[in-house]
Structure formats: C-alpha cells, structure tokens
Amino acid sequence: MKKVLFSGLLLILLPLAACSEASQTSAVKKVTPLVTGAIPDQDPEKLQRQYTKLAAYLQKELGVPVEYKPVTDYTAAVTAFKVGDLDLVWFGGLTGVQARLQVPGAEAIAQRDVDEKFHSVFIANKKTGLQPFKNTNDLQKLKGKTFTFGSESSTSGRLMPQYFLEQAGVKLVDFKGQPGFSGDHDKTIKLVEAGTYEVGAVNEKVWSKRVDAKEVDLNKVEVIWRTPAYYDYHWVINPQVKERYGEDFVNKVQAAFFKLDPKVPQHKEILDLLQASKFIPTKNENYKQIEEIGRQIGKIK
C-alpha cells in the first residue's frame with residue numbers, strides 16, 4: 001500500500017518539478033543580454049581583453065547579462081548596430097554618425113575625457129629625411145611620398161587626416177601611387193616602420209600606447225605632425241534597450257561609465273586599457289563637423 005501511495009505521489013510531484021524547472025529556465029532566457037561591440041581599430045586580442053573586462057563591470061553595475069561581440073571591420077560594426085545585433089558600441093566619430101543616421105533614436109551617450117579634443121599624428125619612416133612639421137602648410141612636403149591611412153572609415157586614421165591634407169592643398173592624387181588603407185592603427189605603424197609606406201596617419205592615443213609599451217622602433221619611425229583637435233570616439237546606444245530593460249536604462253548605462261574612478265584599482269585597470277582618466281557626457285550634436293566632412297569626401301551619403 002505504501003509503495004502505491006509513494007508511486008502516486010511521485011507521479012504528481014515530477015510534473016510539478018519539471019514545470020518549476022521550465023519556469024526558471026524560461027525566466028533566465030527572458031533576460032536578453034546587452035551586447036556590446038567596438039570598431040576594430042587595434043589588434044583584436046588587445047580589444048578582446050579590454051572590452052571583456054568592461055563587459056564584466058557593466059554586467060555588475062546594470063544587473064543584466066552583458067556580452068562583448070567582436071566584429072570584422074568598421075562597416076560590420078555599423079551594420080550590426082543597424083540590424084540590432086549590437087546594443088552599445090564604441091564608435092569613432094565617423095562610424096558613430098553613420099550608425100546613428102541609420103537608427104532613429106540612437107544616442108551618443110559618453111566619451112572619454114580625451115575625445116572632445118582628439119588628435120591624429122602623421123608618422124614617417126626616418127629614411128625619408130622628413131623633419132617634424134611646424135605648421136599645416138608643411139604637409140605640402142608629403143607630395144610624391146607613399147602614404148597610408150588606417151581603415152577607410154576611421155575618423156582619426158582617415159577622415160580627419162584627409163580633411164587636414166586637403167586644407168593644406170594636398171590631394172590623394174598628389175601621393176606616389178594610390179594611398180593605402182591598412183585596416184587599423186597598429187598595422188599602419190608597422191607598415192611605416194617597415195618602410196612599406198613612407199608616411200601614415202595614426203590615432204595619437206594608440207601611437208602613445210604602443211610607444212610606452214616599447215612596441216615601436218623609434219630608430220625607424222617618428223611623429224612629424226600632430227593635427228588640430230576634433231571630436232572623435234564615443235559610445236552609442238540603440239533605442240531598443242529601452243523596450244527591453246526600461247525607459248531609464250540609458251541613464252543607468254551612462255551612470256555606470258561616469259562611475260569609473262581611477263582611484264578604485266579595478267576601475268583604473270579598465271580606464272587604463274581604454275586610455276582614459278574618466279568618461280564624460282556627450283551628445284549627437286557634437287559630431288556635426290564629422291558629418292559635414294564625411295559628406296564632403298563621400299563617406300556619408
């Protein structure tokens with residue numbers, strides 16, 4: 001009799017347990033991860049390390065799962081944001097504008113303290129004999145040299161360097177052969193260092209970081225010019241996050257970035273990886289100049 005009762009009880013409890021487990025699994029699945037990404041402007045392994053650490057910090061602060069999803073190139077980052085595969089992306093000035101123009105309601109929400117006055121540097125192989133330029137007009141000396149940009153959609157590695165060259169009366173046809181597009185700043189440095197190209201345009205922060213890490217042979221390559229300041233990198237968030245996590249979620253993400261404090265060891269590690277002292281607010285209007293220049297050179301239709 002006891003066996004019959006036990007078997008009956010077991011038959012009743014098993015479906016209940018299964019329902020409970022299914023309910024818990026369903027609840028977990030409902031918390032869709034916040035997917036972050038970044039334009040691949042540096043060596044992929046370095047990017048993976050810094051953005052994985054940042055994702056772990058954001059997950060703790062925001063209380064939702066956060067994942068970092070690498071992309072193959074700048075265009076892929078913009079496309080992934082457009083179709084909703086990426087929710088929060090670290091864009092350069094140009095790619096940020098391109099992305100926001102394709103996603104109504106997308107917002108530029110934060111930038112590093114260095115990004116409101118950013119610079120590119122022109123580097124040259126020392127065999128060229130080029131000496132550091134004193135003013136913009138000295139860019140005329142680059143005519144007849146081989147030259148490489150970074151990615152075709154890079155603000156600091158292409159857009160603004162091309163803009164300043166044109167301001168000095170130097171057109172792309174004035175270089176020896178076709179200008180190169182290396183793909184990222186690390187590759188530009190290596191190409192100029194090796195003499196594959198005589199001159200190149202590079203993100204100043206990446207250049208400084210590689211020099212500090214002793215990853216650049218300064219006997220072979222040096223900075224010959226620093227551009228005027230301009231707005232550049234920033235975080236852009238997709239409006240779909242409000243539907244998923246609530247209307248105040250964008251404010252929470254901003255607060256998490258602004259909370260990063262160099263006095264806190266774990267925060268300092270993240271800030272150092274991102275080459276920042278802190279994050280500050282930004283807004284879409286700050287990139288009007290970038291948009292205008294992008295339209296001038298055909299990178300924005």
Side-chain angles (χ1 to χ4, degrees), residues 34-55 58 66-103 106-112 114-116 118-121 148-163 180-189 200-210 230-238 253 257 270 273-276 279 282 284 286-287 290-291 293-294 297 299-300:
L34 178 77
V35 184
T36 67
I39 53 171
D41 62 343
Q42 302 174 52
D43 180 273
E45 290 184 10
K46 291 182 171 69
L47 294 178
Q48 183 74 36
R49 180 167 177 254
Q50 66 191 43
Y51 290 112
T52 298
K53 285 187 175 292
L54 178 63
L58 290 174
V66 179
E67 298 176 358
Y68 167 65
K69 184 177 180 180
V71 294
T72 54
D73 55 37
Y74 284 50
T75 301
V78 174
T79 301
F81 185 81
K82 176 185 175 181
V83 301
D85 289 344
L86 292 177
D87 302 309
L88 177 67
V89 185
W90 182 240
F91 282 122
L94 176 59
T95 46
V97 171
Q98 290 172 329
R100 286 188 288 101
L101 288 175
Q102 297 180 68
V103 182
E107 299 175 69
I109 60 169
Q111 62 182 0
R112 299 171 302 184
V114 299
D115 291 311
E116 60 182 349
F118 205 78
H119 301 269
S120 300
V121 291
T148 185
F149 295 105
S151 165
E152 290 192 53
S153 296
S154 172
T155 305
S156 56
R158 189 274 175 88
L159 183 80
M160 296 310 292
Q162 183 174 337
Y163 170 73
F181 291 98
S182 69
D184 66 55
H185 301 293
D186 286 316
K187 289 177 184 174
T188 297
I189 293 170
V202 180
N203 172 322
E204 183 180 46
K205 297 300 288 184
V206 175
W207 168 262
S208 298
K209 190 173 184 178
R210 300 296 174 257
Y230 55 88
Y231 276 99
D232 198 358
Y233 291 86
H234 55 289
W235 286 101
V236 178
I237 196 161
N238 199 304
V253 175
F257 279 116
I270 293 170
L273 286 169
L274 297 172
Q275 295 175 276
F279 278 90
T282 191
N284 295 359
N286 288 338
Y287 309 94
I290 298 293
E291 181 177 347
I293 297 170
I297 70 169
K299 293 305 294 181
I300 297 174

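Sequence positions, counted from 1, serve as the residue numbers for this chain.
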*Using the side-chain contact (heavy atoms from CB on, under 4.5 Å) rule, take F118 and M160 through it: C-alpha gap first, then chi angles, then the decisive distance, then the call.*
CA-CA 10 Å; F118 205 78; M160 296 310 292; over 6 Å; no
*Walk me through it: do L274 and F279 pass the test side-chain contact (heavy atoms from CB on, under 4.5 Å)?*
CA-CA 10 Å; L274 297 172; F279 278 90; 3.9 Å; yes
*Step by step, work out the side-chain contact (heavy atoms from CB on, under 4.5 Å) result for I297 and R158.*
CA-CA 10 Å; I297 70 169; R158 189 274 175 88; 3.8 Å; yes
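Of the possible polar contacts, none joining the K205 side chain to the A276 backbone as a donor-acceptor pair under 3.5 Å is found. Side chain of D232 to main chain of G93: a donor-acceptor pair is present (N/O by atom type, distance under 3.5 Å, no hydrogens or angles).
Annotation: side-chain hydrogen bond (donor to acceptor under 3.5 Å, both in side chains) contacts of S156 (sequence neighbours excluded): H185. Checked against side-chain hydrogen bond (donor to acceptor under 3.5 Å, both in side chains), N238 has no partners two or more places apart in sequence or in another chain. Not counting sequence neighbours, the partners of T282 by the side-chain hydrogen bond (donor to acceptor under 3.5 Å, both in side chains) test are N286, Y287. Residues passing the side-chain hydrogen bond (donor to acceptor under 3.5 Å, both in side chains) test with Q98: none are found, sequence neighbours excluded. The ring-ring contact (aromatic ring centres under 6.0 Å, His included) check on Y163 picks up nothing, with sequence neighbours excluded.
With Y233 as the aromatic partner, R112 meets the cation-pi criteria of under 6.0 angstrom to the ring centre and within 45 degrees of the ring axis.
Of all non-hydrogen atoms in A76 and T72, the two that sit nearest each other are CB-OG1, 3.6 Å. Taking both residues in full, the closest heavy atoms of N284 and A106 are given as ND2-O, 3.3 Å, listed atom of the first, atom of the second, then distance.
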Pairs of donor and acceptor atoms involving the side chains of residues 77-91, under 3.5 Å and at least two apart or interchain, shall be tabulated with distances.
| unit_1 | atom_1 | unit_2 | atom_2 | d |
| --- | --- | --- | --- | --- |
| T79 | OG1 | T75 | O | 3.0 |
| K82 | NZ | Q102 | OE1 | 3.4 |
| D87 | OD1 | Q240 | NE2 | 2.5 |
| D87 | OD1 | R244 | NH2 | 3.1 |
| D87 | OD2 | V35 | N | 2.8 |
| D87 | OD2 | R244 | NH1 | 3.0 |
| W90 | NE1 | Y51 | OH | 3.3 |

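Looking at heavy atoms from C-beta onward, I293 lies out of side-chain contact with K299 at the 4.5 angstrom threshold. Between Y74 and L94 there is no side-chain heavy-atom pair separated by less than 4.5 Å. Counting heavy atoms from C-beta outward, S151 and D41 have side chains that stay 4.5 Å or more apart. By the 4.5 Å heavy-atom criterion applied to side chains, R100 and V97 are counted as neighbours. Counting only heavy atoms from C-beta outward, the side chains of S182 and F149 never approach each other to under 4.5 Å. Between T36 and L54 the shortest side-chain heavy-atom distance does not fall below 4.5 Å. Between P40 and L47 the shortest side-chain heavy-atom distance falls below 4.5 Å. In this structure, the side chains of Q42 and R210 come closer than 4.5 Å at one or more pairs of heavy atoms.
Atoms CG and CD, from L273 and Q275 in turn, are 9.0 Å apart once rounded to the nearest 0.5 Å. Here the straight-line distance linking atom CG of L34 with atom OH of Y68 works out to 14.0 Å at 0.5 Å rounding. Between I300 atom CD1 and L159 atom CG the span is 7.5 Å, to the nearest 0.5 Å. With rounding to the nearest 0.5 Å, the separation of CG in D184 from CD1 in I189 is 9.0 Å. Considering OG of S154 and CD1 of I39, their distance stands at 6.5 Å, rounded to 0.5 Å. Here the straight-line distance linking atom CD of E152 with atom CD of Q162 works out to 10.0 Å at 0.5 Å rounding.
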